[in-house]
Protein chains: 2
Amino acid sequence: MVIEFLDERSRQILYAVVQSYISKPDPVGSRFVTKKYSFGFSPATVRNIMADLEDLGFLSQPHTSAGRVPTDKGYRFYVDSIMGVREAGGFDSEWGDFVRQFAKKLENIRNDVNNMFWEVTNSLSMMSNYIGVVTPPRAEKTIFNRIDFIRYKEDKVVAILLTEEGVIKNKIIGVDPRLTQDDLNRIADYLNTEYSGQTIDEIKNLLVKKAYREKALWDKLIAKAIKIYEQAISFTEDDVYVSGLYDVMNLPDFSDISKIREISKAIKDKHIILKLLDELSDSEGVHVFIGKENPVEEMKNLSVVASTYKEKERPMGVIALIGPTRMDYSKAIYMVDTIAKCISRTFD
Amino acid sequence: MVIEFLDERSRQILYAVVQSYISKPDPVGSRFVTKKYSFGFSPATVRNIMADLEDLGFLSQPHTSAGRVPTDKGYRFYVDSIMGVREAGGFDSEWGDFVRQFAKKLENIRNDVNNMFWEVTNSLSMMSNYIGVVTPPRAEKTIFNRIDFIRYKEDKVVAILLTEEGVIKNKIIGVDPRLTQDDLNRIADYLNTEYSGQTIDEIKNLLVKKAYREKALWDKLIAKAIKIYEQAISFTEDDVYVSGLYDVMNLPDFSDISKIREISKAIKDKHIILKLLDELSDSEGVHVFIGKENPVEEMKNLSVVASTYKEKERPMGVIALIGPTRMDYSKAIYMVDTIAKCISRTFD
DNA sequence: TATTAGCACTCTCATGCTGAGAGTGCTAAT
DNA sequence: ATTAGCACTCTCAGCATGAGAGTGCTAATA
């Protein structure tokens, strides 16, 4: 991450503006900067530098004679420099305490994955006052543990799919009523002994290939197995956990009703969020999208801080914070990063 | 439901005010009433009557020289009279069409109960522009179909609980690692043959009694069965389905940010809603809470229209609409009632 | 006696004006 | 290269104004 040009002084002032604005959303003026952060310069000098920063696109003025406000580009510069510091290791925090508590809590609900993700999402949003988002492990990447079929009504069967991660999915599927429970068990046994330990995705491919290669010779039961399995794993409507709209309303950034509408709209449709976070699902580390950088139209006025969590080095899902561009990036990045690591550790 | 005193004229005018205000939230004045609804009276007469209605508590003025606005009591009177008409059968609607569509849709997702409830909630909120709420069948009232245990890891077992309604709950529980899968099957068999067809609640009681009565002689395995079963059915954190906050924001009633905060707060904590709707869960027909009538503090400025849905005459859960007191009660009541009936029919 | 026309009164809301406050940009001095 | 000084610009709160809407009361009317 290259911290572009900008001499020492300009940088200092840019940081001052960003930090001040993050902590209180008032446009910041030259006099204020010299007072609050005692560099050696006079307001006039600061004014000149600010004018330069504005020309370069890092700051902007709401109107002549208001102070300066950071632009998306300004935030970007700030964030890049934070990330630099962070990677150099000089980044530890007042929140260490809560993290320990959180980790303990996680351990307790490890078993109930659904519950666990809710807990994570809520904690995220409550602690940050931004919107917390967690995507569960993508079905295709989870590792198949076993499947079982339980007869339900005459022609209905409940398929229970267990993954190594402890995710359980179930679905009622219709089947040929002539299949006995014994048949169902045989099918389950076949799938379990043959495929346990591989990812859902791999299995899907293997089954398709197999069905194609041995088309003619195919045992009828196994043919059925494939069909049923395919029905059973079409669970894929991965849910997204989102929480914190209420808390976000208390931020001054959303004191305007139309802003709230905007953000509600953005998070209402979970597909939008999924679309955004999916792009990250194979990458590592913390990612930050600031305002316009956001690939999703609905979020051009918001910022997203996201990171993947992993199980044994395979990225599984994403956790993220969504907030105003005037976000406390330092805090958000720390939280997202730490919690992602917590989860990863819990999964191993 | 007694439509108290109030002579014909007063009633007409009250209805006029309520209806006008519901369709557009502007205080309604005497002149307007005489123009829009051509009764035979002059504005002056209407003014006198309005003054009376205000004394009686049915109307109020935002300030001298604004028009009148209905009070909670005013809405209550209006709603009671609607309900009267409805019971007399003279209440059918422009929404008959959508209802047919909706019923068809329901049939298709009958199998996936979770999905079905989401669908209902969303439809409710989308069609009404209010907040749709559905509570799933209360666990205790559902009928036990069968339970199964699947070994998961050394000391962990997944319990799968099926109810007659098609609700599936699953939970990972810890067990004595010495229990073999055979043992587990025996336990499941025992529970399934013994208790299938009774409600979760009844079974709980029976088990407790039995354990108490035959304490000493008790087969170890059955003792385990009880323990496991008790763990397995402690699923009871019944979820509530809520949707429509975004749509409600577009109502003029919530153009003020603090109003939105209020309503968000009210629906954020689902326990609040549960508390409210639980009171209805044994009753029949449509219930309306208007503003202050609401037993829950957080909803003193909102109205709730709710009805229970049933399976074979046993009330199962509640569906409801939450909106401003300035609600289109006629529409809301019709929707809630009809959809509740739809669901009941689907369950039979 | 019940209704209504007429009118004075009240309150809101949009508009426009004003002065204080904050912050800028430019110029000239250091 | 920096800074003091100053004129300029823009916002915002406060205040006055007048139009508009709607009321309550009184006196006239059917």
Side-chain angles (χ1 to χ4, degrees), chain A residues 5-14 16-21 23-71 74 252-253 255-256, chain B residues 5-14 16-21 23-71 74 252-253 255-256:
Chain A
F5 35 102
L6 284 203
D7 57 40
E8 181 61 19
R9 272 194 337 185
S10 308
R11 242 187 298 166
Q12 283 187 321
I13 296 201
L14 179 53
V17 173
V18 172
Q19 271 164 19
S20 163
Y21 192 70
S23 74
K24 191 153 167 293
D26 295 332
V28 2
S30 54
R31 211 179 123 72
F32 179 83
V33 170
T34 55
K35 239 185 191 161
K36 182 98 182 202
Y37 310 76
S38 26
F39 315 127
F41 334 121
S42 76
T45 312
V46 174
R47 274 204 286 285
N48 287 329
I49 300 175
M50 278 176 152
D52 292 345
L53 286 171
E54 185 168 0
D55 289 341
L56 291 171
F58 292 105
L59 297 178
S60 75
Q61 282 184 96
H63 54 265
T64 354
S65 140
R68 288 339 199 272
V69 159
T71 60
D253 310 74
S255 61
D256 185 7
Chain B
F5 35 104
L6 284 205
D7 57 38
E8 180 62 19
R9 271 194 337 185
S10 306
R11 242 186 298 166
Q12 283 188 318
I13 295 203
L14 179 54
V17 173
V18 173
Q19 270 163 19
S20 164
Y21 192 69
S23 74
K24 193 155 166 289
D26 294 333
V28 2
S30 54
R31 210 180 124 72
F32 180 83
V33 169
T34 55
K35 237 184 192 164
K36 183 95 180 205
Y37 310 77
S38 26
F39 316 128
F41 335 121
S42 76
T45 313
V46 173
R47 273 204 289 282
N48 288 329
I49 300 175
M50 278 176 153
D52 293 346
L53 286 171
E54 185 168 358
D55 289 342
L56 291 171
F58 292 104
L59 297 178
S60 75
Q61 277 181 295
H63 54 266
T64 355
S65 141
R68 286 342 197 270
V69 159
T71 61
D253 310 72
S255 62
D256 185 7

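Residue numbers begin at 1 in each chain, while the letters A, B, ... track the order of the sequences.
- For B:R68, the side-chain atoms get nearest to D:dT23 when compared with the rest of D:dT23, C:dT4, C:dC11.
- Of the listed nucleotides (D:dG24, D:dT2, D:dC10), D:dT2 has the atom at the smallest distance from the side chain of A:T45.
- Note: CE (B:M50) to P (D:dG22) measures 10 Å, nearest angstrom.
- Taking side-chain N and O atoms only, B:S30 has a distance below 4.0 Å to OP1 or OP2 of D:dT23.
- Side-chain atoms of B:V18 and B:F58, non-hydrogen and from C-beta on, never get closer than 4.5 Å to each other.
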For residues 40-55 of chain A, please give each side-chain donor-acceptor pair under 3.5 Å, one per line with the distance, not counting sequence neighbours.
from: A:S42; atom 1: OG; to: A:A44; atom 2: N; distance (Å): 3.3
from: A:S42; atom 1: OG; to: A:T45; atom 2: N; distance (Å): 3.4
from: A:S42; atom 1: OG; to: A:T45; atom 2: OG1; distance (Å): 3.3
from: A:R47; atom 1: NH1; to: A:S30; atom 2: OG; distance (Å): 3.2
from: A:E54; atom 1: OE1; to: A:Q61; atom 2: NE2; distance (Å): 3.3
from: A:E54; atom 1: OE1; to: A:R68; atom 2: NE; distance (Å): 2.8
from: A:E54; atom 1: OE1; to: A:R68; atom 2: NH2; distance (Å): 3.0

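- Two residues, A:F32 and B:N48, neighbour DNA chain C, and the one matched to the more 5' nucleotide by heavy-atom proximity is B:N48.
- Listed candidates were D:dG24, D:dA4, C:dT4. Nearest to the side chain of B:A51 is D:dG24.
- Listed for the B:S255 side chain is a donor-acceptor partner under 3.5 Å among the backbone atoms of B:P252.
- Looking at the side chain of A:Q61, the nearest of the listed nucleotides D:dC10, C:dG25, C:dT4 is C:dG25.
- The CG-P distance, from B:D52 to C:dT3, rounds to 11 Å in whole Å.
- A close approach under 4.0 Å does not occur between any side-chain nitrogen or oxygen of B:S65 and OP1 or OP2 of C:dC11.
- Contact of A:R47 with C:dG25 (side chain to base): a donor-acceptor pair of N or O atoms is detected under 3.5 Å.
- Shown here, C:dC26 forms a base pair with D:dG5; the pair counts as Watson-Crick or G-U wobble because both key distances fall under 3.5 Å.
- Residue B:F41 has its side chain nearest to C:dT4 when only C:dT12, C:dT4, C:dT24 are considered.
- Distance NE2 (A:H63) to P (C:dA22): 13 Å, rounded to an integer number of Å.
- A distance of 5.5 Å separates CD of B:Q19 from OH of B:Y37, quoted to the nearest 0.5 Å.
- Neither OP1 nor OP2 of D:dT23 sits under 4.0 Å from any side-chain N or O of B:R31.
- In this structure, B:L59 atom CG and D:dG24 atom P are separated by 11 Å, rounded to whole Å.
- Put simply, NZ on A:K36 is 16 Å from P on C:dA22, counting in whole angstrom units.
- For B:Y21, the side-chain contact (heavy atoms from CB on, under 4.5 Å) partners are B:P25, B:V28, B:V69, B:P70, B:Y75, B:R326, not counting sequence neighbours.
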